[in-house]
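All residue numbers refer to positions in the sequence shown, counting from 1. Keep in mind that the numbers below use all heavy atoms, side chains included, and drop hydrogens, waters and symmetry copies.
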Amino acid sequence: MNKTASILGSTGSIGTQALEVCEKHDIRVTALAAHSSTDLLEQQARKFKPAYVGIYNEKKYVEMKERLADTDIKVFCGIEGLCEIAALPQSDIVLNSVVGMVGLLPTLTAINAGKDIALANKETLVAGGELVMSAAKEKGVRIYPVDSEHSAIFQCLQGNKRSQLSKVILTASGGPFFGKSYDELRSVSKADALNHPNWSMGNKITIDSATLMNKGLEFIEAKWLFDLNPKQIEIVVHRQSIVHSAVEYDDYSVIAQLGVPDMKIPIQYALLYPDRKPCPTWRLSLTDYGSLTFEKPDYETFRCLSAAVEAINRGGSYPCLVNSANEEAVRAFLHDEISFISIGEIVSSVLDSFEFSDIVCYEDVMRADTAARNYVREKIRANDYADSK
C-alpha cells in the first residue's frame with residue numbers, strides 16, 4: 001500500500017518540493033495546508049485531489065471554500081484547521097513545513113495522534129524541544145528531520161551505535177555575507193540579504209541564513225533531535241554546501257553525507273524512510289566542484305549565531321526567547337523598519353533582558369513567545385535602533 005501524507009505549508013519552498021516527491025513516488029496526499037496563497041493552494045488541490053485543505057489566514061477561508069465549491073474537498077481554517085489536518089487518521093506521516101511558531105501546536109497535535117513527523121519547522125524544536133521529544137517518546141512517534149543538515153546527521157547515524165557517537169559536525173554555507181566585517185554589514189540592503197549563494201528558500205529563512213541565525217536554530221534543533229550535549233556540536237562553514245553535515249565516532253572516524261544542494265533529497269528521505277529511490281534532482285559530480293573548503297564561523301560578527309548557542313547552553317525559555325525575538329526582528333527588517341545589523345543586536349539583547357524560567361508545558365512556550373515579541377516591538381517603537389537603520 002502506498003504511503004499517505006499531509007503537507008502543512010504546501011505552497012512554500014519545502015511544501016512545493018515535497019509535492020514533487022509525492023508525485024514521483026506515488027505518495028497519496030491526504031491533506032494540504034497553506035498560510036494564505038489561495039491561487040497556488042487551489043492549483044495543488046485540483047492536481048493532487050486531497051480530501052482536506054487548510055488555509056491558516058481566516059480571512060481567506062470563504063474565498064478558499066468558493067474556489068473549491070465544485071469539489072468534495074473539505075476546507076479548514078486557522079490554527080484549529082492546521083491541527084485537525086495534523087491529526088487526520090488517514091495520513092501515515094505529517095510533513096510540517098510551516099514557518100514560525102505557529103508550527104509548534106500542529107506538531108504536538110500530530111504526535112498526540114500517533115503520527116510520524118517529517119519536520120521542517122525549526123521553531124517546533126527550538127521553542128519546545130523538550131516538550132516535543134518527550135511527547136514523541138511517550139507516543140512511540142518517529143521524527144524524521146527535513147533540514148539538509150539534520151537529515152545528513154540522521155543518515156550518518158544509520159547502522160552505527162548511537163552510544164559511540166563523539167560529536168556532530170554541522171555545516172553552514174555562511175550565507176551571502178561570510179567574511180565581511182561588522183562595519184561592512186551596516187550598509188547591506190534587503191536585496192543583498194535575500195541573495196543566498198546556494199539555496200532557494202523563502203524570505204524569512206533566507207534572512208536567517210544571512211545572519212547565521214538559521215545555523216543557530218539548527219544547533220538547538222540538533223541538541224534535541226539527537227539527544228546531544230551542546231559541547232558535542234561543532235559548526236563548520238562549508239561554502240559549497242556539498243557536505244551537508246558529518247558525525248564523528250569514538251574511534252575518530254568521521255562519516256559525512258554529501259549531495260547537491262537540493263532540498264528534495266532530504267525531503268524524500270524523510271517521506272520514504274528507510275527506502276532510497278531515485279530523486280527528482282541531479283547527481284553530484286565531485287569533479288565539477290574540484291575542491292571543498294571548511295572554515296570556522298565568525299561568532300563575533302554574526303551575533304545571532306552566538307546568541308542562539310548561548311541560549312541553548314542556558315536552557316529553559318532562552319531558546320524560545322531568542323527565536324521569537326528573531327522572528328520579530330526579521331519581520332521588521334523585511335518591512336524596512338530596522339537595519340540588517342539590528343537583527344543581531346536585538347536577538348542578543350534578549351539574553352540579558354529576561355530571567356531564567358522553565359518550559360514545562362505549551363503555555364510556558366507561548367508566554368515566553370509573547371514576552372519576547374512585545375519586548376522587540378517596544379524596542380522598535382522607541383527607536384532604539386534608529387541610529388543603525
Side-chain angles (χ1 to χ4, degrees), residues 100-105 107-108 111 119 121-138 143 150 167-168 170 204 208 211-235 297 299-332 338 341-382 384-385:
M101 281 287 294
V102 68
L104 175 57
L105 189 57
T107 298
L108 289 170
I111 291 172
L119 188 61
N121 172 256
K122 296 180 185 301
E123 293 76 12
T124 286
L125 289 179
V126 172
E130 188 167 4
L131 297 178
V132 171
M133 298 310 293
S134 295
K137 183 177 181 180
E138 179 183 342
I143 297 179
H150 299 125
K167 69 175 181 179
V168 301
L170 197 65
K204 196 268 182 182
D208 282 351
T211 63
L212 295 196
M213 183 63 174
N214 191 50
K215 203 53 49 181
L217 299 179
E218 289 173 5
F219 186 101
I220 297 171
E221 285 183 278
K223 179 262 184 292
W224 293 115
L225 277 169
F226 307 111
D227 192 23
L228 300 169
N229 184 304
K231 293 180 180 179
Q232 291 179 285
I233 308 169
E234 178 186 3
I235 297 174
Y299 287 95
E300 291 188 12
T301 298
F302 294 93
R303 298 183 181 181
C304 282
L305 176 59
S306 54
V309 173
E310 175 64 20
I312 192 59
N313 275 297
R314 291 189 186 187
S317 64
Y318 284 112
C320 179
L321 290 168
V322 298
N323 172 75
S324 299
N326 178 68
E327 282 193 24
E328 282 299 312
V330 170
R331 181 205 58 77
I338 61 173
I341 61 166
S342 296
I343 300 173
E345 292 173 359
I346 288 170
V347 172
S348 298
S349 72
V350 167
L351 292 170
D352 297 324
S353 302
F354 290 86
E355 294 183 357
F356 177 89
S357 63
D358 275 323
I359 297 289
V360 297
C361 63
Y362 175 74
E363 288 72 24
D364 289 339
V365 176
M366 299 317 296
R367 276 192 289 270
D369 173 66
T370 300
R373 292 179 191 277
N374 289 340
Y375 166 84
V376 174
R377 289 168 186 160
E378 181 55 37
K379 286 281 188 181
I380 293 171
R381 277 196 297 268
D384 284 9
Y385 297 92

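- Listed by chain and residue number, Arg162 satisfy the side chain to side chain contact (heavy atoms under 4.5 Å, CB included) test with Asp227 (two or more places apart in sequence, or in another chain).
- Here Met366 contributes atom CE and Leu104 contributes atom CG; the two are 7.5 Å apart, rounded to the nearest 0.5 Å.
- Taking SG of Cys361 as the start and CZ of Arg367 as the end, the distance is 5.5 Å to the nearest 0.5 Å.
- Side-chain contact check for Asn121 versus Val102: every heavy-atom pair is 4.5 Å or farther apart.
- Here the closest non-hydrogen pair linking Leu217 and Lys204 is CD1-NZ, 4.3 Å.
- Around atom CD of Gln232, more than 12 heavy atoms belonging to other residues, nucleotides or ligands sit under 6.0 Å away.
- Residues satisfying the side-chain hydrogen bond (donor to acceptor under 3.5 Å, both in side chains) criterion with Ser134, sequence neighbours excluded, are absent altogether.
- Shortest non-hydrogen contact noted between Val126 and Ile220 is CA-CG2, 3.8 Å.
- Between Glu123 and Gly100, the closest heavy-atom pair is OE1-N, 3.3 Å.
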(message) What verdict does the side chain to side chain contact (heavy atoms under 4.5 Å, CB included) test give for Ile359 and Glu130, after you've listed the backbone C-alpha separation in whole Å, the side-chain angles of each residue and the deciding distance to 0.1 Å?
(response) CA-CA 8 Å; Ile359 297 289; Glu130 188 167 4; 6.0 Å; no
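- With sequence neighbours left out, Glu218 forms a side-chain hydrogen bond (donor to acceptor under 3.5 Å, both in side chains) with Lys122, Asn214, Lys215.
- Of the options Leu108, Ile143, Leu131, Leu119, a side chain to side chain contact (heavy atoms under 4.5 Å, CB included) to Thr124 is made by Leu119 and by none of the others.
- In terms of heavy atoms, Leu228 sits closest to Ala222 at CD1-O, 3.7 Å.
- Residue pairs meeting the salt bridge (Lys or Arg N to Asp or Glu O under 4.0 Å) criterion with at least one partner in residues 347-358, sequence neighbours excluded, are Arg314-Asp352.
- Between the Tyr318 side chain and the Ile312 main chain, no donor and acceptor come within less than 3.5 Å of each other.
- Scanning for salt bridge (charged side-chain N to carboxylate O under 4.0 Å, His left out) contacts around Glu234 gives Lys167, with sequence neighbours left out.
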(message) Run the side chain to side chain contact (heavy atoms under 4.5 Å, CB included) test on Arg303 and Ile341 for me, step by step, so that the C-alpha distance in whole Å, both residues' side-chain angles and the decisive distance to 0.1 Å come before the verdict.
(response) CA-CA 9 Å; Arg303 298 183 181 181; Ile341 61 166; over 6 Å; no
(message) For Tyr375 and Ser349: C-alpha separation, side-chain torsions, deciding distance, then whether side chain to side chain donor-acceptor pair (under 3.5 Å) applies.
(response) CA-CA 10 Å; Tyr375 166 84; Ser349 72; 2.8 Å; yes
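- Contact between Gly128 and Val365 at its shortest, heavy atoms only, is CA-CG2, 4.3 Å.
- Remark: the backbone N or O of Val322 is not paired with any side-chain donor or acceptor of Asn326 at under 3.5 angstrom.
- A donor-acceptor contact shorter than 3.5 Å links the side chain of Glu327 to the backbone of Met101.
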(message) Working note: Ile235 + Phe219, criterion side chain to side chain contact (heavy atoms under 4.5 Å, CB included); need CA distance, chi angles, decisive distance, verdict.
(response) CA-CA 8 Å; Ile235 297 174; Phe219 186 101; 3.6 Å; yes
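- Note that CD1 of Ile338 is 12.5 Å distant from NZ of Lys379, once rounded to the nearest 0.5 Å.
- Taking every heavy atom of both residues into account, Leu321 and Ala368 meet most closely at CD2-O, 3.4 Å.
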(request) In sequence, state the C-alpha distance, the side-chain angles, and the governing distance for Ile343 and Cys304, and then conclude on side chain to side chain contact (heavy atoms under 4.5 Å, CB included). (result) CA-CA 8 Å; Ile343 300 173; Cys304 282; 3.9 Å; yes
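- For the atom pair CD1 (Ile233) and NZ (Lys231), the distance works out to 12.5 Å, reported to the nearest 0.5 Å.
- A distance of 7.0 Å separates CG of Asp364 from OG of Ser357, quoted to the nearest 0.5 Å.
- With sequence neighbours left out, the ring pair (Phe, Tyr, Trp, His ring centres under 6.0 Å) criterion links Phe226 to no other residue.
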